Amino acid sequence: MQDTSFAIHPGTKKQLVGENYKEIGGFKSYSINNNIVSFITENGYVNITLYNTNTIRITMNPYREPIVKQSFAVIAETVEIVTNVSENDDEITIQTDEFLVKVKKIPFRVSVFDKHGMAIVEEQTKGMAFNEAGELICYKKMEANDHFYGFGEKTGFLDKRGEKMVMWNTDVYAPHNPETDALYQSIPFFLTLREGTAHGIFFDNTGRTQFDLRSEVDSYSFKAESGQLDYYIFVGPTLKEVLGQYTTLTGTMPIPPKWALGYHQSRYSYETEEEVRALANHFLEKKIPLDAIYLDIHYMNGYRVFTFDHDRFPTPKALIEDLKKAGIKTVPIVDPGVKEDPEYPIYQEGVRNDQFCKYIEGNIYYGDVWPGNSAFPDFTSTKVRKWWGEKHKYYTDLGIEGIWNDMNEPAIFNETKTMDVKVIHENDGDPKTHRELHNLYGFFMGESTYEGMKQLLHGKRPFLLTRAGYAGVQRYASVWTGDNRSFWEHLQLALPMCMNLGMSGVAFCGPDVGGFAHDTNGELLIRWTQFGTFTPYFRNHSAINTLRQEPWSFGEDVEGLVKKYIEQRYVWLPHLYTLFRQASQTGVPVMRPLVLEYPTDENTFNLSDQFMIGDNVIVAPIMTPTTNHRVVYLPEGNWVNYWTEEMLIGNKHHLVEAPIDILPIFIKEGTIIPHGTIKQSTAIPEDEITYHIYLGDKTEASYRLYEDDGTTFRYESGDTFEQEVTCEKDGKTISISVKESNGTYDPTWSKETFVLHHCEGDLEVMVNGEEIPKSNMVFDETTKTLKISTQR
Ligand code: GLC
């Protein structure tokens, strides 16, 4: 066709995606409207919103005044703050008490400084730009010593410097390797650590975005395929404060029901009621703790959501009730795809009430998923979310309190792995294409499910697990990291992945323990379960046609060790629950990279194979086969080996013995850790709390334990219990004080035990001013621990 007009077809013009960026050009004018300073430049419009005392929002639109409406990720309203705007020939300066924004006029560059004038985020050679393909990009200066954390669910190591990452929720069955960066979740938020201080950026764009921390030596960029540039800068100045600022904007996790923190067992699939009952009985007979069993897609009638297959599951209500009596909750999977079947009520309702995603021309979008040809609820519409949420009455009527959302990227079995990007979402009267809203689909499904369940459970806390999500997903769901494999490499991968999810607001996360696809083996299952003891979310799940991986699948020895670490989960639960409460208040995660606690220690900057639980416990799993030792880095201070009581000095790497029964754990001196008791499930009330006191060379330690009923939202109105335990040493006298405060909740335990580590047997112990008689104390000469029993 080269001899027709096709030769000059506009499509032969150079492809613009990823190139030919045009800067927004020099400054033309500015105006102030409350807390928004608006700029007009030669080629665009920029708004700088002083969002609150520590957050600045920057929006850029090349074509019109920036759109002020935010995505659903953002829940915090902007707060009026005192500002002082001044102008000279070169720049406009916006000064507040906490930060300073300087806008250079030509070329137009926006930079943010802290109140002392130290640069936080700077634009230098390149600033904000766009191209004719509708892409928008923004460059920021990168210092030689900048380290990057967050970015949600990503493969690779902890520090993301040198990475290039795409955000586009994707069902990746395989592979999960260093170059697979678009996974199920998209959380376009990161923290930069620079010389011990930190700031953060949240790039609120729900279409495909890309972060490039690789291509240029002294700058990084983030870009979007559609929409406008819309990002928030959090001024820190600590990593924890940035997490607080980000989760103030996007929300924190509500405290989960306690049963959600227990051990969970899953399989794709437990296919019949009989099999599920036998499974539960196995756990009970073997006295292996268990809080939940999952029902994967086989429970449904032809994979129709909101149904049971009555041949396989003849009496679901009785099953769920019986399991509940045994302390086990049932969590069914619910995918978004609704089978195209004119005789299926959910499909009928969806079509009749116009609830499904459609093309602009009005025809429903269909995609192939487990049930075959399926329609997809348009969760961007409040009306649809309400409808879907209410449908969960089907499950709550059966006694179900937890739901597992899967395939909600949405995953579709086609080349692109997802919905046609041309589909139009209703978006509450502001229609947008799937291309623009893709990353929100799972998030919205989560909102719909969680809020629906919350209504239906009348005051009980729902549990929701989701595969896909966007920034703010923590408000509704916990996240598991999708279809990993039973590879040692995937165990290794799970540490930085979960630590960075935690650094992205998602405190409640974890991988499939044992690995999902591929066959696991006994050794891997033990090592993975050891790690799982301390992942915020703890579920063993495996795929169809793989070797079974329930705790007893590899013989008695393996079972014994897997059981031991599942039991440890319950022992550590009072501490974990206290940390979950903290995360729900502050956004600081339960499972933490060491850098969060030791941000000036360069050994922690990219430490990807060990982590912390709270601020004083280090966990260093074994993640290679036939390995009985590993190197552990301990930061400043002295640390006690949890199993051997050996005291190790910090600021040093240690070679630590870790035979198959040992998960290396280290407690910092000057720490108190509460322990609960081993129990079949969290349904059994705690009857004893033991405070392990590791004073080491310190003379004082304290701990503030949190407890509530573990099941309702009454904690929100003060039905809580907090106990502050302080231990002081003065020569041969140990004084323990126990103060209860804050709230009306009366805990279930009556026994309180204190175990002093690293001590001699000739101590005098006072509890709340009263001397403890020797008859209430037991000294163990070999471990050098003194056990003191008291009643609450
Ligand atoms: C997806 C999920 C997996 C589930 C399977 C069948 O692959 O990621 O967890 O078991 O679908 O529902």
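In this text the structure is predicted, and so the values were computed from the model without any measurement. All residue numbers in this chain count up from 1 along the given sequence. Side chains included, hydrogens not; waters and symmetry mates left out as well; all remaining heavy atoms used.
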Flag for [Y]-[X]: side-chain donor and acceptor within less than 3.5 Å:
| X | Y | answer |
| --- | --- | --- |
| Tyr598 | Asn603 | no |
| Asn145 | Glu195 | yes |
| Tyr231 | Lys140 | yes |
| Thr192 | Asp146 | no |
| Tyr476 | Glu451 | no |
| Thr466 | Asn408 | yes |
| Gln474 | Thr250 | yes |
| Asn169 | Ser186 | yes |

Any donor-acceptor pair under 3.5 Å from [X] side chain to [Y] backbone:
| X | Y | value |
| --- | --- | --- |
| Ser608 | Leu158 | yes |
| Tyr184 | Val172 | yes |
| Thr59 | Asp230 | no |

Side-chain ion pair, [X] and [Y], N-O less than 4.0 Å:
| X | Y | answer |
| --- | --- | --- |
| Arg467 | Asp171 | yes |
| Lys126 | Glu216 | yes |
| Lys154 | Asp181 | no |

Could you check if a side-chain atom of [X] sits within less than 4.5 angstrom of a side-chain atom of [Y], using non-hydrogen atoms only?
| X | Y | result |
| --- | --- | --- |
| Met167 | Phe151 | yes |
| Thr78 | Arg57 | no |
| Glu409 | Lys417 | no |
| Phe376 | Met419 | yes |
| Asp615 | Arg592 | yes |

Euclidean distance, [Y] [atom2] relative to [X] [atom1], rounded to 0.5 Å:
| X | Y | atom1 | atom2 | result |
| --- | --- | --- | --- | --- |
| Tyr51 | Thr248 | OH | OG1 | 11.0 Å |
| Asp378 | Trp388 | CG | CH2 | 12.5 Å |
| Phe211 | Phe148 | CZ | CZ | 11.5 Å |
| Arg475 | Leu464 | CZ | CG | 13.0 Å |

- Task: Specify whether Phe27 and Tyr30 have parallel, tilted or perpendicular ring planes, treating 30° as the upper limit for parallel and 60° as the lower limit for perpendicular.
- Result: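 Tilted.
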- Query: Does the separation of the ring centres of Tyr246 and Phe202 fall below 6.0 angstrom?
  - Reply: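 Between Phe202 and Tyr246, which both carry aromatic rings, the centre distance is below 6.0 Å.
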- Query: Closest approach of Leu437 and His425, non-hydrogen atoms and distance?
  - Reply: CD1-CB, 3.9 Å
- With Phe379 as reference, evaluate Phe444, Phe356, Tyr441 under the ring pair (Phe, Tyr, Trp, His ring centres under 6.0 Å) test and give the passing residue.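 When Phe444, Phe356, Tyr441 are each tested with Phe379, the ring pair (Phe, Tyr, Trp, His ring centres under 6.0 Å) holds only for Tyr441.
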- Among Arg194, Arg109, Lys141, find the one that has a salt bridge (Lys or Arg N to Asp or Glu O under 4.0 Å) with Glu122. Lys141
- CD (Glu361) with more than 12 external heavy atoms under 6.0 Å: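 Check passes, neighbour count above 12.
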